Amino acid sequence: QVQLVESGGGLVQAGGSLRLSCAASERTFSSYVMGWFRQAPGKEREGVAAISGSGGTTYYADSVKGRFTISRDNAKNTVYLQMNSLKPEDTAVYYCAVKVYSGSYYHNSQYAYWGQGTQVTVSS
């Protein structure tokens, strides 16, 4: 089965940065759009960013545009989320996922495989 393992979460002050990593076991990793989602306490899971298989096309939620950057290294079967200028409202569990269906890049129903999540906490 496809396995995704996120890492890089932690506690950071507002304005700081973190880089999340998601390592995939799938050898055909480069064929799939990968996405990052997050879920804050009491809120629905929301799409944060997505990247095409080649890495040539990226998508971002309005809330993170200009602050977050998604990238991938297909040779390492890894996708990254560089998070800069972090805000307390970015606090959430962050998940990476593999997109296998057509449709919105930001809707979790389009993604079939999920990592276990990594906690990001941004203090004010």
Side-chain angles (χ1 to χ4, degrees):
Q1 62 178 359
V2 176
Q3 297 184 34
L4 304 171
V5 180
E6 300 99 332
S7 62
L11 175 65
V12 65
Q13 294 184 10
S17 299
L18 287 172
R19 189 180 75 158
L20 306 184
S21 299
C22 174
S25 63
E26 176 58 52
R27 291 185 176 181
T28 59
F29 175 80
S30 64
S31 299
Y32 297 97
V33 170
M34 297 291 295
W36 284 98
F37 290 76
R38 66 187 182 187
Q39 187 165 21
K43 298 181 66 177
E44 297 291 331
R45 189 170 299 183
E46 65 172 334
V48 175
I51 187 167
S52 63
S54 68
T57 304
T58 57
Y59 302 86
Y60 298 95
D62 288 342
S63 60
V64 306
K65 286 181 179 177
R67 300 188 298 118
F68 291 10
T69 302
I70 189 170
S71 62
R72 66 195 299 162
D73 184 342
N74 288 337
K76 297 181 178 180
N77 285 1
T78 301
V79 62
Y80 305 95
L81 186 67
Q82 179 66 47
M83 305 185 295
N84 298 326
S85 301
L86 283 162
K87 304 175 181 179
E89 52 262 44
D90 295 318
T91 295
V93 177
Y94 284 71
Y95 302 87
C96 65
V98 182
K99 191 176 190 294
V100 298
Y101 304 109
S102 62
S104 173
Y105 285 89
Y106 304 114
H107 200 287
N108 59 25
S109 67
Q110 309 304 305
Y111 293 77
Y113 302 101
W114 296 83
Q116 83 289 347
T118 186
Q119 176 71 48
V120 172
T121 302
V122 184
S123 62
S124 60

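Below, all heavy atoms of this structure are taken into account, side chains as well, without hydrogens, waters or symmetry copies. Just so it is clear, the model here is predicted, and its values are computed rather than measured. Quick note: residue numbers are just sequence positions, from 1.
- Counting only heavy atoms from C-beta outward, the side chains of Arg38 and Asp90 approach each other to under 4.5 Å.
- Each of Leu11, Val122, Leu86, Thr121 was checked for a side-chain contact (heavy atoms from CB on, under 4.5 Å) with Leu18, and the lone residue meeting it is Leu86.
- Taking the six-membered ring where the residue is Trp, the centroids of Tyr111 and Tyr95 are separated by 6.0 Å or more.
- In this structure, Lys99 contributes its side chain and Tyr101 its backbone to a donor-acceptor pair below 3.5 Å.
- Remark: Thr118 pairs with Glu6, Leu20, Tyr94 by the side chain to side chain contact (heavy atoms under 4.5 Å, CB included) rule, at least two apart or across chains.
- A pairwise comparison of heavy atoms in Ala40 and Ala92 identifies N-CB, 3.7 Å as the closest pair.
- Heavy atoms only, all atoms of each residue included: Ala49 and Leu81 are closest at CB-CD1, 4.1 Å.
- You'll find the side chain of Met83 stays beyond 4.5 Å of the side chain of Trp36, heavy atoms only.
- Between the Arg72 side chain and the Val33 main chain, no donor and acceptor come within less than 3.5 Å of each other.
- Contact record, Gly56 with Ser52: N-OG, 3.2 Å, taken as the closest heavy-atom pair.
- Using a 4.5 Å heavy-atom cutoff, the side chains of Thr91 and Gln119 are in contact.
- For the pair Met34 and Leu4, the minimum side-chain heavy-atom distance is below 4.5 Å.
- Tyr80 and Phe37 fall into different hydrophobic clusters, where Ile, Leu, Val, Met, Phe, Trp and Tyr residues are linked whenever their side-chain heavy atoms come under 4.5 Å apart, directly or through other members.
- Summarising the geometry of Gln116 relative to Val5, their closest heavy-atom pair is OE1-CA, 3.5 Å, with the distance given to 0.1 Å.
- For the pair Arg67 (side chain) and Ser85 (backbone), a donor-acceptor distance under 3.5 Å is present.
- Although no hydrogens or angles enter the test, the distance criterion places a donor-acceptor pair under 3.5 Å between the side chain of Asn74 and the main chain of Gly53.
- Taking a 6.0 Å sphere around OH of Tyr113, one finds it holds 12 or fewer heavy atoms contributed by other residues, nucleotides or ligands.
- In terms of heavy-atom proximity, Tyr60 sits nearest to Phe68 at CE2-O, 3.2 Å.
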